[in-house]
Number of protein chains: 2
Amino acid sequence: MFVAERRELLLQRLQADGKLVARDLAVELGLSEDSVRRDLRDLAAAGLCQRVYGGAVPVSRALADYSARRAVEPDSKRRVAARATRLIRAGDRVILDGGTTTLAVARTLPRDLAVTVITHSPTIAAALVDHPLVEILLLGGRVYKHSAVACGAATVEAAQTITADLFLLGVTGVHADHGLTTGDAEEAAMKRVLASRAADTYVLASVEKLGAVSPYKVLDLGAVTGIVTDAFEGEPVDQLRRAGPELILTG
Amino acid sequence: MFVAERRELLLQRLQADGKLVARDLAVELGLSEDSVRRDLRDLAAAGLCQRVYGGAVPVSRALADYSARRAVEPDSKRRVAARATRLIRAGDRVILDGGTTTLAVARTLPRDLAVTVITHSPTIAAALVDHPLVEILLLGGRVYKHSAVACGAATVEAAQTITADLFLLGVTGVHADHGLTTGDAEEAAMKRVLASRAADTYVLASVEKLGAVSPYKVLDLGAVTGIVTDAFEGEPVDQLRRAGPELILTG
DNA sequence: CTCTCTTCACGTTCATGCACGTTTCGATCA
DNA sequence: TGATCGAAACGTGCATGAACGTGAAGAGAG
């Protein structure tokens with residue numbers, strides 16, 4: 001990737017997220033923080049962003065003090081996504097579920113990480129097209145509007161032909177008694193099929209999902225390898241842990 | 001290959017990929033990096049591209065990266081897209097090819113038009129998720145980075161199971177003698193398969209495509225029902241018309 | 001032979017990562 | 001409240017390798 005190209009990407013990201021974090025960008029772009037800082041410095045010198053401690057913000061919307069910026073810090077989904085990304089090893093075949101958290105995973109995949117991503121989400125596939133090394137395997141079928149993923153017989157059939165090392169699963173409810181749940185029956189079935197194709201399944205559960213229950217059961221807690229969450233140690237987390245899965249905290 | 005010819009190729013490649021990498025081009029064209037660099041230097045001097053360390057990018061910053069190009073289509077593509085949209089009737093099953101022009105079609109679909117859209121492009125599928133009435137059928141398979149569409153055996157197989165009323169085809173070259181051409185062999189084959197599944201095939205050809213020739217043949221002009229273009233009446237248009245297809249002008 | 005295009009050789013510039021000393025920030029303590 | 005301390009972020013200088021431009025030499029077409 002060219003320098004000019006990279007800076008273009010940074011500006012684009014700045015507009016989308018409202019801020020740039022040097023450390024995260026370094027990991028994501030697969031280069032040292034020094035180089036990222038150099039980019040930010042040059043962009044700031046060109047008047048395209050404003051440099052702040054830890055990263056950069058848009059010129060117009062510069063926040064007064066550091067603590068106020070802390071408030072806009074990576075929201076919980078970003079944190080969970082960043083931690084989940086670290087579960088992926090070079091060469092892995094990874095199934096990415098649909099949803100905003102897994103989309104964040106796709107966007108934070110380091111650019112020097114060569115993996116095969118299998119997904120039934122056109123949104124995730126589209127987000128990964130720009131990645132230089134990732135090979136994308138798209139599972140086709142009828143696209144359900146509810147959460148913008150392909151579901152149904154054709155998709156299940158396509159899923160049956162593949163295997164993977166890892167499945168990053170998104171759900172809307174994670175409950176010690178009711179297990180993993182989501183809002184659509186067809187999607188729940190799809191998630192089960194995908195889980196059956198991967199050696200390990202990890203649930204991405206930002207803190208608001210814990211304790212929540214949705215109408216349709218996906219899997220029991222015992223059926224997954226682990227749960228990635230940004231919740232802190234405590235009784236709710238312990239309850240989940242007793243049900244079987246490894247609890248991976250972002251803390 | 002003549003120098004002028006090679007530079008034509010470079011420009012074409014630049015428009016397709018959004019960037020040129022000196023090293024890759026040297027290997028691909030079978031000559032030294034020196035010569036490639038000289039070409040890039042001359043093209044930049046003529047204002048046809050912008051030189052960067054490692055290669056070259058388009059002059060306009062709007063064209064600098066593919067994602068930006070997806071956001072703002074030139075007027076010509078929008079005109080063609082708008083006219084092509086009028087070929088679609090309520091209840092139709094429509095195959096949408098990948099590419100910026102067909103993406104513009106997806107975006108301009110009236111929100112009260114109920115159709116089934118079949119596509120092998122995750123980008124187009126993602127763009128249609130917000131549409132209230134469209135039913136999306138996604139063709140899966142390995143996603144080719146070149147133009148961000150699914151191709152290959154699995155995709156062909158999926159395509160064989162469907163039929164459609166209409167196929168809106170995007171190509172990079174429309175030429176009276178050389179027919180319809182595109183920049184990738186695999187994609188060319190994919191487009192042929194899709195054409196075979198639809199009752200009618202219409203080519204979307206904004207004016208800069210007319211008279212252009214790319215390396216890989218898709219179909220003969222006689223194999224398609226019509227060509228939608230924003231070119232004006234004249235000898236070039238007449239030449240195409242004599243080859244068989246109906247010419248639909250936006251003018 | 002002449003002209004053009006190409007490659008090769010050379011010294012130069014550029015991008016990057018590392019090392020080191022400095023600054024900034026939040027937390028802790030008086 | 002104000003002072004102090006450690007960690008993180010920062011800037012600078014430097015080394016390295018890649019990419020670059022220039023000029024000379026070689027190859028091929030007319």
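Letters go in sequence order (proteins before strands), and every chain restarts at 1. All values reported here derive from a predicted model rather than from experimental measurement.
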**Asked** How many Å lie between CG on B:Asp39 and P on C:dT4, as a whole number?
**Response** 16 Å
**Request:** Using whole Å, report how far CZ of B:Arg6 lies from P of C:dT4.
**Result:** 16 Å
**Item:** Below 4.0 Å: OP1/OP2 of D:dA9 and any side-chain N or O of A:Arg37
**Value:** no
**Asked** Heavy atoms under 4.0 Å, any strand shown: does B:Val52 hit a base, just sugar-phosphate, or nothing?
**Response** sugar-phosphate
**Prompt:** Which of these nucleotides, D:dA19, C:dT7, C:dC25, is closest to any side-chain atom of B:Leu31?
**Reply:** C:dT7
**Message:** Using only atom types and a distance under 3.5 Å, with no angle test, would you say the side chain of A:Thr181 pairs donor to acceptor with the backbone of A:Ser214?
**Reply:** yes
**Request:** Give the minimum heavy-atom separation between B:Glu208 and B:Ala212, together with the two atoms involved.
**Result:** O-CB, 4.1 Å
**Prompt:** Can a side chain N or O of A:Arg23 be found less than 4.0 Å away from OP1 or OP2 on D:dA8?
**Reply:** no
**Message:** Just N and O in the side chain of B:Arg41: are any of them under 4.0 Å from OP1 or OP2 of D:dA19?
**Reply:** no
**Prompt:** Between D:dC20 atom C1' and B:Leu25 atom CG, what is the distance in whole Å?
**Reply:** 16 Å
**Request:** Provide, to the nearest angstrom, the distance between the CD atom belonging to B:Glu33 and the P atom belonging to D:dG21.
**Result:** 12 Å
**Request:** Classify the side chain of A:Arg38 and the base of D:dG11 as holding, or not holding, a donor-acceptor pair under 3.5 Å.
**Result:** no
**Separation of C:dC14 P from A:Glu5 CD (nearest whole Å)** = 20 Å
**Request:** To the nearest Å, give me how far apart CG (A:Leu43) and P (C:dA15) are.
**Result:** 13 Å
**Complete:** Shortest non-hydrogen pair, B:Thr182 vs B:Thr172, comes out as CA-OG1, 3.3 Å
**Message:** What is the distance, to the nearest angstrom, from the OH atom on A:Tyr53 to the P atom on D:dA8?
**Reply:** 10 Å
**Asked** Taking N and O atoms by type only, does the side chain of B:Asp34 place a donor or acceptor under 3.5 Å from a partner on the base of C:dC8?
**Response** yes
**Asked** Rounding to a whole Å, what distance do you find between B:Arg7:CZ and C:dT4:C1'?
**Response** 12 Å
**Item:** Side chain of B:Ser35 - closest among D:dC20, D:dC10, C:dT7
**Value:** C:dT7
**Side-chain N or O of A:Arg51 closer than 4.0 Å to phosphate OP1/OP2 of C:dT24** = no
**Electrostatic pair A:Glu135:A:Arg93 at N-O distance under 4.0 angstrom** = no
**Item:** Pair A:Arg13 + A:Glu28, salt bridge at N-O below 4.0 Å
**Value:** yes
